[in-house]
Every structure is written in C-alpha cells, then in structure tokens.
**Student:** 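Let me begin by handing over the structure; questions about it come next.
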Amino acid sequence: MAKTPRILILNGPNLNLLGEREPAVYGRDRLSDIEKACARRAKSLGLAIDFRQSNHEGELIDWVQAARKSHAAIVINPAGYSHSSVSLMDALIAFERPVIEVHLSNIFRREPFRHHSYVSRVALGVISGLGKQGYLAALDALAGILKTEVEA
Ligand code: CA2
C-alpha cells in the first residue's frame with residue numbers, strides 16, 4: 001500500500017491571535033478551528049498533516065529545512081514574513097517540492113505594502129482572501145497534484 005503523503009502546514013507570526021482580535025479582517029475562526037478543519041479534510045483526501053505556528057522566523061526556516069526529509073508539500077501562511085523575509089523564501093526554494101501560499105485576507109485589497117510577497121515568487125500557487133476555506137482548497141489541490149506526481 002502507498003505511504004500517506006505528509007503535508008506541513010505552517011503559520012507565521014501573530015496568527016496565534018486569530019479569533020481574538022480583528023475579526024472584521026481575519027474572521028472569527030481560531031487557529032485551532034482551522035487546524036481541526038484541515039485535519040478532517042486531509043483525512044478525507046488520504047493525506048496526513050502537521051500543523052504548526054511560530055512567531056519566530058528562524059523556527060519557521062528550521063521547520064522548512066527539516067521538511068525536506070519528511071514532507072511531500074508545504075502549505076504556508078507566512079503572515080508578515082510574506083512581505084519581508086528573503087530567508088524564508090530561500091528555505092522554500094531549497095525545499096524543492098510543492099509549496100502553496102495561503103492568506104486569510106485578500107492582501108490585494110489591503111495596504112500596498114501587503115501586495116508584494118517574497119513567498120509568492122517560489123509558491124506553486126497562492127490563495128488569498130478565502131479565510132479558512134483557503135487552507136482547505138490548498139489541501140484539495142495538493143491531493144490532485146501529488147496523485148499526478150505518483151502516476152507520472
Ligand atoms: O491574510 C493573511 O492571512 C495574512 O497573512 C495575515 C498577516 C498579515 O501580515 C498578512 O499581510 C496577511 C497578519 C497575521 C496577524 O494575525 C492576527 C490575527 C488576529 C489579530 C491580530 C493579528
């Protein structure tokens with residue numbers, strides 16, 4: 001039987017505050033609600049997930065580097081690091097497997113400094129503005145993409 005592909009889902013700084021503040025921008029779901037929904041969807045798609053959040057750039061980079069040995073793909077909401085971190089982008093380049101970038105809000109409807117993301121340069125795809133559904137859409141897409149890779 002084929003091994004269940006593991007997907008690393010990473011969340012950047014301040015996303016631990018979800019549901020507590022700024023509901024008009026980020027919605028009412030807590031990060032734990034998003035994690036539960038991802039776990040349910042992943043199971044139905046035949047995927048396994050590791051769902052993590054960090055407020056520290058280096059910790060996110062360490063996780064991306066380690067994932068080269070353990071994970072088939074990454075879903076990442078880099079939060080503020082989207083707009084600032086060349087180092088996170090470099091780590092994602094070295095991952096050399098599919099990366100999908102997710103944003104809860106539509107960054108293009110917001111301040112100009114949010115319109116540019118370093119991570120978008122290296123992501124296979126970007127989903128922005130769909131809230132929790134964006135994470136689920138990323139898992140749906142990866143199920144198809146990874147299946148295609150196995151069949152290829
Ligand atoms: O829309 C997104 O998902 C963002 O990645 C969220 C980041 C922001 O810097 C990006 O431009 C877009 C901010 C995450 C902060 O989350 C909070 C949640 C609740 C209260 C305060 C911050």
Side-chain angles (χ1 to χ4, degrees), residues 5-45 47-68 70-146:
R6 291 200 82 78
I7 312 299
L8 181 60
I9 305 180
L10 292 181
N11 295 279
N14 300 308
L15 285 166
N16 54 312
L17 298 177
L18 266 190
E20 288 175 29
R21 311 186 55 179
E22 299 201 59
V25 183
Y26 299 118
R28 296 202 172 274
D29 283 316
R30 291 174 177 264
L31 202 57
S32 58
D33 299 323
I34 298 178
E35 177 174 7
K36 278 184 210 135
C38 285
R40 252 196 317 272
R41 178 64 61 92
K43 197 171 175 201
S44 78
L45 293 167
L47 301 171
I49 61 160
D50 291 305
F51 192 98
R52 300 181 197 160
Q53 187 273 334
S54 178
N55 291 329
H56 305 280
E57 187 176 16
E59 186 165 41
L60 292 163
I61 291 169
D62 285 346
W63 287 339
V64 170
Q65 288 188 8
R68 297 168 68 205
S70 48
H71 291 80
I74 293 176
V75 174
I76 184 165
N77 182 346
Y81 289 140
S82 319
H83 319 300
S84 68
S85 181
V86 173
S87 302
L88 182 59
M89 177 190 74
D90 286 340
L92 291 166
I93 290 170
F95 178 62
E96 291 179 330
R97 292 178 193 169
V99 173
I100 299 187
E101 179 182 2
V102 172
H103 295 283
L104 293 159
S105 62
N106 181 346
I107 57 175
F108 301 103
R109 292 178 68 167
R110 302 185 64 193
E111 306 94 321
F113 67 84
R114 296 187 199 274
H115 296 179
H116 174 266
S117 163
Y118 286 100
V119 170
S120 298
R121 283 185 67 93
V122 301
L124 181 63
V126 182
I127 301 167
S128 186
L130 301 183
K132 177 174 74 180
Q133 295 300 328
Y135 287 74
L136 305 181
L139 290 173
D140 288 345
L142 283 173
I145 289 160
L146 296 171

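Just follow the structure's listing: the first ligand is 1, and inside any ligand the first atom is 1. In this chain, numbering begins with 1 at the start of the sequence shown. The analysis underlying the following values was restricted to heavy atoms, covering all of them including side chains, and did not include hydrogens, waters or symmetry mates. What you see is a predicted model; the values in this text were computed from it and never measured.
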**Student:** Are the side chains of L146 and I7 in contact, using a 4.5 Å heavy-atom criterion?
**Tutor:** yes
**Student:** Does the distance from a Lys or Arg side-chain N to an Asp or Glu carboxylate O, for R6 and D50, drop under 4.0 Å?
**Tutor:** yes
**Student:** Polar-atom distance check: L104 versus ligand 1, any N or O pair below 3.5 Å?
**Tutor:** yes
**Student:** Where's the contact between H83 and ligand 1, heavy-atom distance under 4.0 Å: side chain, backbone, both or neither?
**Tutor:** side chain
**Student:** At what distance is the nearest protein heavy atom to atom 1 (O) of ligand 1, and which residue and atom is it?
**Tutor:** S105 OG, 2.5 Å
**Student:** Taking only heavy atoms of G80 into account, list the atoms of ligand 1 that are under 4.0 Å away from them.
**Tutor:** 9 (O)
**Student:** Flag the pair L104 / Y135 as yes when at least one side-chain heavy-atom distance between them is below 4.5 Å, and no otherwise.
**Tutor:** yes
**Student:** Under 4.0 Å from a heavy atom of E22: which atoms of ligand 1 are those, numbered in the order shown and with their elements?
**Tutor:** 21 (C)
**Student:** With sequence neighbours excluded, what pairs up with D140 under the side-chain contact (heavy atoms from CB on, under 4.5 Å) test?
**Tutor:** R41, L45
**Student:** Between R52 and E59, does at least one N-O distance fall below 4.0 Å, as a salt bridge requires?
**Tutor:** no
**Student:** Is any side-chain heavy atom of I145 closer than 4.5 Å to a side-chain heavy atom of L124?
**Tutor:** yes
**Student:** Under 4.0 Å, counting heavy atoms only: does S82 come that close to any atom of ligand 1?
**Tutor:** no
**Student:** Between N77 and ligand 1, which part of the residue brings a heavy atom under 4.0 Å of the ligand: side chain, backbone, both or neither?
**Tutor:** side chain
**Student:** Based purely on interatomic distance, does R110 place a nitrogen or oxygen under 3.5 Å from a nitrogen or oxygen of ligand 1?
**Tutor:** no
**Student:** Taking distance alone, with no angle check, do Y26 and ligand 1 share an N/O pair under 3.5 Å?
**Tutor:** no
**Student:** Under 3.5 Å between any N/O of R114 and any N/O of ligand 1: does that happen in this structure?
**Tutor:** yes
**Student:** With a 4.5 Å limit on heavy-atom distance, are the side chains of I74 and L92 in contact?
**Tutor:** yes
**Student:** Could you say whether the N/O atoms of R21 and ligand 1 ever approach to under 3.5 Å?
**Tutor:** no
**Student:** To the nearest 0.5 Å, what is the distance between CD1 (I76) and OG (S82)?
**Tutor:** 7.5 Å
**Student:** Can you tell me which residue and heavy atom of the protein come closest to atom 4 (C) of ligand 1, and the distance to 0.1 Å?
**Tutor:** H103 ND1, 3.7 Å
**Student:** To the nearest 0.1 Å, how far is atom 15 (C) of ligand 1 from its closest protein heavy atom, and which atom is that?
**Tutor:** N14 CB, 3.6 Å
**Student:** Please verify the inter-ring angle class for F113 with H83; under 30° counts as parallel, over 60° as perpendicular, anything in between as tilted.
**Tutor:** perpendicular
